[in-house]
Protein chains: 2
Amino acid sequence: MMNTKDANQIAIFKALSDPVRLEIIKYLKHTEHEVSCGEVGKALNISKTSGSYHFKLLQEAGLINARKEAREKYVSLNPATFDKFITKYYKNI
Amino acid sequence: MMNTKDANQIAIFKALSDPVRLEIIKYLKHTEHEVSCGEVGKALNISKTSGSYHFKLLQEAGLINARKEAREKYVSLNPATFDKFITKYYKNI
DNA sequence: AAAATGGTTCAAATGTTTTTGAACTATTTA
DNA sequence: TAAATAGTTCAAAAACATTTGAACCATTTT
């Protein structure tokens, strides 16, 4: 009764159901272009350890794109997932 | 940074981020017409206590409509919330 | 080369959600 | 009227998610 698709859907909904992660998503939505995890963390007052944890979850859910360049990790929203997934989910449930 | 709107959104995403509740939502999506909590619980093998808990959360998130008739409680999907909310959220984030 | 910076990882502590069983209310059936 | 049925509520237990701090790796700056 619980397949891989469901697991993905749940990962996405879980990712979206936390205030910190919602703030991150909002921040990324505003900025449009990619930003470093550090910038986001500072702006939203998240410790780097906690930030690391949340970015990982968002990444795993496919809600953000991440790219590591030397020391820094750059993240940006993956609008495709957020958008497409939701509509798709509602149609195929 | 966290308003009432956010709280509602989070309640909805939380509601959708649990396997049991997703099963319930799927069940309601299939049946189209209203069904009793007992029927759903039996079909999905959820204890009545646990069912009561999950139906309450879904209700509070506005994802289902519930109506009590004598002993039984009848529930049905509230497609408006599921549908409308998601699109709205993505546009106004 | 040393110190600083940006991130990750780990384990422990803390916090939140979910499940369970017992006790309960209200309604229906025998 | 007694027993059964449909749900709810409560508190405890179990499970899961999040935060914290210390230690770490790699890169950049001094």
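Just so it is clear: chains get the letters A, B, ... in the order the sequence lines come, proteins before strands, and each one is counted from 1.
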Angle of first-five versus last-five pair axes in the helix from C:dA1-D:dT30 to C:dA30-D:dT1, to 10 degrees:
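That helix has its two terminal axes inclined by roughly 10°.
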Here the side chain to side chain donor-acceptor pair (under 3.5 Å) pairs for residues 44-63 of chain B, sequence neighbours left out, are B:R21-B:H54
Sequence neighbours excluded, which residues qualify as side chain to side chain donor-acceptor pair (under 3.5 Å) partners of A:E32?
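Checked A:E32 against side chain to side chain donor-acceptor pair (under 3.5 Å); zero matches.
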Qualifying residues under side chain to side chain donor-acceptor pair (under 3.5 Å), relative to B:N65, sequence neighbours excluded
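By the side chain to side chain donor-acceptor pair (under 3.5 Å) rule, B:N65 matches no residue at all.
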Using a 4.0 Å cut-off on heavy atoms, which residues in residues 59-67 of chain A reach DNA chain C? List them by number, or say none.
none
Within residues 48-55 of chain B: residues closer than 4.0 Å to DNA chain C (heavy atoms)
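Contacts with DNA chain C under 4.0 Å: B:T49, B:S50, B:Y53, B:H54.
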At under 4.0 Å between heavy atoms, what does B:I46 touch on the DNA or RNA strands: base, sugar-phosphate, or nothing?
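If one applies the 4.0 Å heavy-atom cut-off, B:I46 turns out to touch nothing in the nucleic acid.
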Using a cut-off of 4.0 Å on non-hydrogen atoms, how would the nucleic acid contact of B:K56 be classed: base, sugar-phosphate, or nothing?
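Nothing, no nucleic acid heavy atom in range.
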At a heavy-atom distance below 4.0 Å, which nucleotide of DNA chain D is the first touched by chain A, and which is the last?
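Boundary nucleotides touching chain A, in 5' to 3' order, are D:dA17 to D:dT28.
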Can you name the nearest heavy-atom pair linking [X] to [Y], along with the distance?
{"X": "A:V35", "Y": "A:L28", "value": "CG2-CD2, 3.6 Å"}
{"X": "B:L63", "Y": "B:A15", "value": "CD1-CB, 3.6 Å"}
{"X": "B:L22", "Y": "A:Q9", "value": "CD1-OE1, 4.1 Å"}
{"X": "B:A11", "Y": "B:A61", "value": "O-CB, 3.8 Å"}

Neighbours of DNA chain D within residues 32-42 of chain B, by heavy-atom distance under 4.0 Å
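Output list: B:S36, B:C37, B:G38, B:K42.
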Hey, are the side chains of [X] and [Y] touching, using non-hydrogen atoms and a 4.5 Å cut-off?
{"X": "A:L77", "Y": "A:I25", "value": "yes"}
{"X": "A:I64", "Y": "A:S76", "value": "no"}
{"X": "A:I24", "Y": "A:I46", "value": "yes"}

Quick one: pull up [atom1] in [X] and [atom2] in [Y] and give me the separation to the nearest 0.5 Å.
{"X": "B:L58", "Y": "B:I12", "atom1": "CG", "atom2": "CD1", "value": "11.0 Å"}
{"X": "B:F13", "Y": "A:D18", "atom1": "CZ", "atom2": "CG", "value": "12.0 Å"}
{"X": "B:K26", "Y": "B:T31", "atom1": "NZ", "atom2": "OG1", "value": "14.5 Å"}

How close or far is atom [atom2] of [N] from atom [atom1] of [X], stated in whole angstroms?
{"X": "B:L44", "N": "C:dT19", "atom1": "CG", "atom2": "P", "answer": "12 Å"}
{"X": "B:K14", "N": "C:dT16", "atom1": "NZ", "atom2": "P", "answer": "9 Å"}
{"X": "A:I10", "N": "C:dT18", "atom1": "CD1", "atom2": "C1'", "answer": "14 Å"}
{"X": "B:N45", "N": "C:dT18", "atom1": "CG", "atom2": "C1'", "answer": "17 Å"}

Should B:V20 and B:L16 be counted in the same cluster of Ile, Leu, Val, Met, Phe, Trp and Tyr side chains packed under 4.5 Å apart?
yes
Is the side chain of A:T81 donor-acceptor paired with the backbone N or O of A:G62 at a distance under 3.5 Å, no angle test?
yes
What does the list of N/O pairs under 3.5 Å between the protein and nucleotides 26-30 of chain C look like, with a distance for each?
unit_1: C:dT27; atom_1: O2; unit_2: B:R71; atom_2: NH1; d: 3.4

Ignoring hydrogens and angles, write down the donor-acceptor pairs under 3.5 Å from the side chains of residues 67-75 of chain A, residues two or more places apart or on other chains.
unit_1: A:R67; atom_1: NE; unit_2: A:E34; atom_2: OE1; d: 3.3
unit_1: A:R67; atom_1: NE; unit_2: A:E34; atom_2: OE2; d: 3.3
unit_1: A:R67; atom_1: NH1; unit_2: A:E69; atom_2: OE1; d: 2.8
unit_1: A:R67; atom_1: NH2; unit_2: A:E34; atom_2: OE2; d: 2.4
unit_1: A:R67; atom_1: NH2; unit_2: A:E69; atom_2: OE1; d: 3.3

